[in-house]
Amino acid sequence: MANITVSPDDICEIEAINNPEEISEGEFSVLTISSTSFRLLTLFHFNNNAATKKYFEKNSCLDAEAEDNGAFLDIFQEFCNICCGAMNRELNQTYFFLGMSTPYILLRQCADFVSALDPGYVNYYRITINHSLVLHATLCLCDYSDVDFTVDTSEVEDNTGELEFF
């Protein structure tokens, strides 16, 4: 278990878990870091409830109305983006030409379809902030899988003429 101080008043505990059935949050944010040889998916699971909204809104520099769900989702996705950006910077020290996706939100039921990507590595984490707010994260590494498109290079190029400049 890792303890991380988020701010002087916050304690964040991160613990690997073995049972993905423990993950019960209703939604998750998906971010992808891709290279030519792997794709790393990071899923941040959360409940869209008052406690989660209050924590992320109070720790954001963005203005959010108490009942504005869109603002909360923007704030939460920015948090996820910052976490993923930190991973991307660390990976960039070893792997070149990395691309990072924009975060997007999916419902819990969609998590079951991550296995269709055939990840070579999956790990689950419980994230506890201030001993009360619980989130989960899933890391999936899809490594050296087939490229999901093909290019036919056998076609002969038609010569349609030359462009002349006068």
Side-chain angles (χ1 to χ4, degrees), residues 1-35 38-95 97-143:
M1 182 184 323
N3 289 326
I4 300 167
T5 302
V6 179
S7 74
D9 299 327
D10 291 339
I11 298 294
C12 180
E13 299 172 292
I14 302 171
E15 180 179 11
I17 60 172
N18 295 323
N19 185 4
E21 307 248 336
E22 180 181 319
I23 300 171
S24 62
E25 289 86 356
E27 297 177 69
F28 62 96
S29 179
V30 181
L31 289 106
T32 305
I33 298 173
S34 295
S35 80
F38 69 86
R39 177 177 24 199
L40 176 64
L41 278 89
T42 307
L43 285 59
F44 290 98
H45 306 266
F46 68 98
N47 282 320
N48 194 339
N49 60 25
T52 306
K53 286 180 180 182
K54 181 179 176 184
Y55 177 78
F56 285 99
E57 288 171 356
K58 83 173 174 104
N59 287 299
S60 171
C61 60
L62 299 175
D63 291 327
E65 306 262 336
E67 298 300 316
D68 187 357
N69 193 52
F72 161 69
L73 292 177
D74 287 346
I75 291 167
F76 188 77
Q77 288 181 90
E78 186 56 31
F79 162 80
C80 297
N81 205 31
I82 290 168
C83 293
C84 199
M87 288 189 285
N88 193 39
R89 281 188 298 282
E90 288 297 316
L91 287 169
N92 242 334
Q93 294 178 19
T94 306
Y95 300 97
F97 311 113
L98 295 177
M100 193 171 99
S101 71
T102 302
Y104 53 95
I105 304 290
L106 294 173
L107 296 176
R108 182 181 191 283
Q109 299 86 334
C110 297
D112 296 337
F113 295 98
V114 171
S115 62
L117 298 172
D118 194 26
Y121 171 85
V122 179
N123 213 354
Y124 309 96
Y125 298 90
R126 178 186 315 110
I127 303 165
T128 307
I129 301 171
N130 295 332
H131 308 290
S132 60
L133 179 61
V134 177
L135 310 168
H136 287 87
T138 302
L139 296 179
C140 302
L141 180 62
C142 303
D143 52 344

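Just so it is clear, the values below take in all heavy atoms, side chains as well, and ignore hydrogens, waters and symmetry mates.
Looking at Ser29, its side chain never comes within 3.5 Å of a backbone N or O of Gln77 through a donor-acceptor pair. Between the side chain of Asn19 and the backbone N or O of Glu21, at least one donor-acceptor pair lies under 3.5 Å.
Taken to the nearest 0.5 Å, the CG atom of Asp143 stands 10.5 Å off from the CG atom of Leu40. The distance from the CG atom of Leu31 to the CD1 atom of Ile82 is 11.0 Å, given to the nearest 0.5 Å. To the nearest 0.5 Å, the span separating OG1 on Thr32 from CG on Leu41 amounts to 4.0 Å. To the nearest 0.5 Å, the span separating CZ on Arg39 from CG on Asp118 amounts to 10.0 Å. Atoms SG and OH, on Cys140 and Tyr124 in that order, are 6.5 Å from each other to the nearest 0.5 Å. Atom-to-atom distance recorded for His136:NE2 and Asn47:CG is 10.0 Å, nearest 0.5 angstrom.
Residues Glu13 and His131 meet the side-chain proximity criterion, which asks for heavy atoms closer than 4.5 Å. Counting heavy atoms from C-beta outward, Leu43 and Ile23 have side chains that stay 4.5 Å or more apart. In this structure, Ile33 and Thr42 have side chains that are not in contact, with every pair of non-hydrogen atoms separated by 4.5 Å or more. In this structure, the side chains of Asn130 and Tyr55 come closer than 4.5 Å at one or more pairs of heavy atoms.
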Phe46 and Phe56: CA distance, side-chain angles, deciding distance, ring-ring contact (aromatic ring centres under 6.0 Å, His included) verdict: CA-CA 11 Å; Phe46 68 98; Phe56 285 99; 8.3 Å; no
Could you go step by step and tell me if Thr52 and Glu25 meet the side-chain contact (heavy atoms from CB on, under 4.5 Å) rule? CA-CA 11 Å; Thr52 306; Glu25 289 86 356; over 6 Å; no
Please assess His45 against Arg108 for the test side-chain contact (heavy atoms from CB on, under 4.5 Å), listing each intermediate value before the final yes or no. CA-CA 8 Å; His45 306 266; Arg108 182 181 191 283; over 6 Å; no
Checking Thr138 against Val114 for the side-chain contact (heavy atoms from CB on, under 4.5 Å) test, could you report, in this order, the C-alpha distance in whole Å, the side-chain angles of both residues, the deciding distance, and whether it holds? CA-CA 10 Å; Thr138 302; Val114 171; over 6 Å; no
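Minimum heavy-atom separation, Lys58 to Asp10: NZ-OD1, 4.2 Å. Of all non-hydrogen atoms in Asn81 and Met100, the two that sit nearest each other are OD1-CE, 3.2 Å. Shortest non-hydrogen contact noted between Tyr125 and Ala16 is CD2-CA, 3.7 Å. Here the closest non-hydrogen pair linking Cys83 and Phe44 is CB-CZ, 3.7 Å.
The aromatic rings of Tyr95 and Phe38 lie perpendicular to each other, with more than 60° between the two planes, well past the 30° mark.
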